[in-house]
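Report on one structure; see the data block that follows.
Heavy-atom basis, side chains included; hydrogens, waters and symmetry copies ignored. Numbering of ligands and ligand atoms starts at 1, following listing order.
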Amino acid sequence: MQGVFVTGTDTGVGKTLVAGALAAAVRRRGARVGVFKPCESGCEQPDGSMHARDAAFLQRMSGSTAPLEHICPYQLREPLAPAVAAEREHISISMEHISDVFHSLCADCDTMIAEGAGGLLVPIADGVLTLDLIRQLGLPVLVVARLSLGTINHCLLTVRQIQSAGVPLTGIVFSRTQEQTTAAEQTNPDVLQRYTDAPLLGCLPFIRPAQKKDPDGLARIAQQTLDVSRILPDIFSPASGFYKS
Ligand SMILES: Nc1ncnc2c1ncn2[C@@H]1O[C@H](COP(=O)(O)OP(=O)(O)OP(=O)(O)O)[C@@H](O)[C@H]1O
Ligand SMILES: [Mg+2]
């Protein structure tokens, strides 16, 4: 299957926003994009109801008609690593079920954008890390990182782990989670490139709340600021059937 598995250097770094923006861009190009968030934790709302916020955002941005229970087969209550949240709810996370749902989603799309929970070595089932899940799904990895102090260390740790596992790495994308410009933000990309050959594939700018609700606007921002032809070559490269100049 073509596409990317979006992981992050940490939780809360912008994986969902980047994945959603990419999905919106694929949709805008006229291709069918599948989205997948195998496990989402912290779904319990104050009134006790459940809401898988990331999966719902990915569904909205992609225009996917798949039911939310397929986009996110494991919706867990507590904001914990999926393996821990599941254990506390006495839910057994089945890698076989995740794989079956993933392949059924893939059958209806041209490319697939999956989002992990937290970072690369987050436990998602008993003895299974996100990295193991990525291997199982067979998608190349896109790393989302903050532009802030600390990101060089987090990026290098994540990239080295991916490379030593022999998993294909698409590259790194930054997400500007704050409006203010910092010295770290100005220097991070250049410094990082001195220590890794991982491709740096752009920086999603600071997105205002109203822009997060507009798939077409977000798609345009993604196409302007991210190297979409290297992230999703089957959709955006000149050789693809979907290419429009
Ligand atoms: N470029 C950006 N502009 C504005 N806000 C951003 C940007 N990137 C991330 N954020 C905000 O930061 C918060 C965390 O981002 P997001 O939910 O995408 O992170 P995540 O890595 O998917 O987190 P999780 O590990 O919980 O899945 C959200 O409120 C999101 O809207
Ligand atoms: Mg997320």
When you look at OH of Tyr195, are more than 12 heavy atoms from neighbouring residues, nucleotides or ligands closer to it than 6.0 Å? no

Is any side-chain N of the basic residue among Arg28 and Asp216 closer than 4.0 Å to the acidic one's carboxylate O? yes

Heavy-atom side-chain contact between Val33 and Ile113 under 4.5 Å: yes

What's the verdict on side-chain contact (heavy atoms from CB on, under 4.5 Å) for Cys43 and Arg77, showing C-alpha distance, side-chain angles and the deciding distance? CA-CA 5 Å; Cys43 293; Arg77 289 185 183 278; over 6 Å; no

Is it the case that over 12 heavy atoms from other parts of the model lie below 6.0 angstrom from the CG atom of Leu157? yes

Hey, does Leu129 have a side-chain heavy atom less than 4.5 Å from the side chain of Val122? no

Mutual orientation of the aromatic rings belonging to His97 and Tyr74 [parallel < 30°, tilted 30-60°, perpendicular > 60°]: perpendicular

Quick check on ligand 1: any N or O pairs to the protein under 3.5 Å? One line per pair.
unit_1, atom_1, unit_2, atom_2, d
ligand 1, 1 (N), Ser175, OG, 3.0
ligand 1, 1 (N), Arg176, O, 3.1
ligand 1, 1 (N), Pro205, O, 2.9
ligand 1, 3 (N), Arg176, O, 3.3
ligand 1, 3 (N), Ile207, N, 2.8
ligand 1, 5 (N), Lys212, NZ, 3.4
ligand 1, 8 (N), Ser175, OG, 2.8
ligand 1, 18 (O), Thr16, N, 3.2
ligand 1, 18 (O), Leu17, N, 3.1
ligand 1, 19 (O), Gly14, N, 3.0
ligand 1, 21 (O), Gly12, N, 3.4
ligand 1, 21 (O), Val13, N, 3.1
ligand 1, 21 (O), Gly14, N, 3.2
ligand 1, 21 (O), Lys15, N, 3.0
ligand 1, 21 (O), Lys15, NZ, 2.9
ligand 1, 22 (O), Lys15, N, 3.4
ligand 1, 22 (O), Thr16, N, 2.9
ligand 1, 22 (O), Thr16, OG1, 2.8
ligand 1, 22 (O), Glu115, OE2, 3.1
ligand 1, 23 (O), Gly12, N, 3.0
ligand 1, 25 (O), Thr11, OG1, 2.7
ligand 1, 25 (O), Gly12, N, 3.3
ligand 1, 25 (O), Lys15, NZ, 2.8
ligand 1, 26 (O), Thr11, OG1, 3.4
ligand 1, 27 (O), Asp54, OD2, 3.0
ligand 1, 27 (O), Glu115, OE2, 3.1
ligand 1, 31 (O), Lys212, NZ, 2.7

Answer yes or no: are there more than 12 heavy-atom neighbours, outside Glu44 itself, under 6.0 Å from its atom CD? yes

CZ (Arg160) and CG (Leu120) are apart, to the nearest 0.5 Å, by 14.5 Å

Heteroatoms of the protein, restricted to N/O/S, which lie under 2.8 Å from the Mg ion (ligand 2): Thr16 OG1, Asp54 OD2, Glu115 OE2

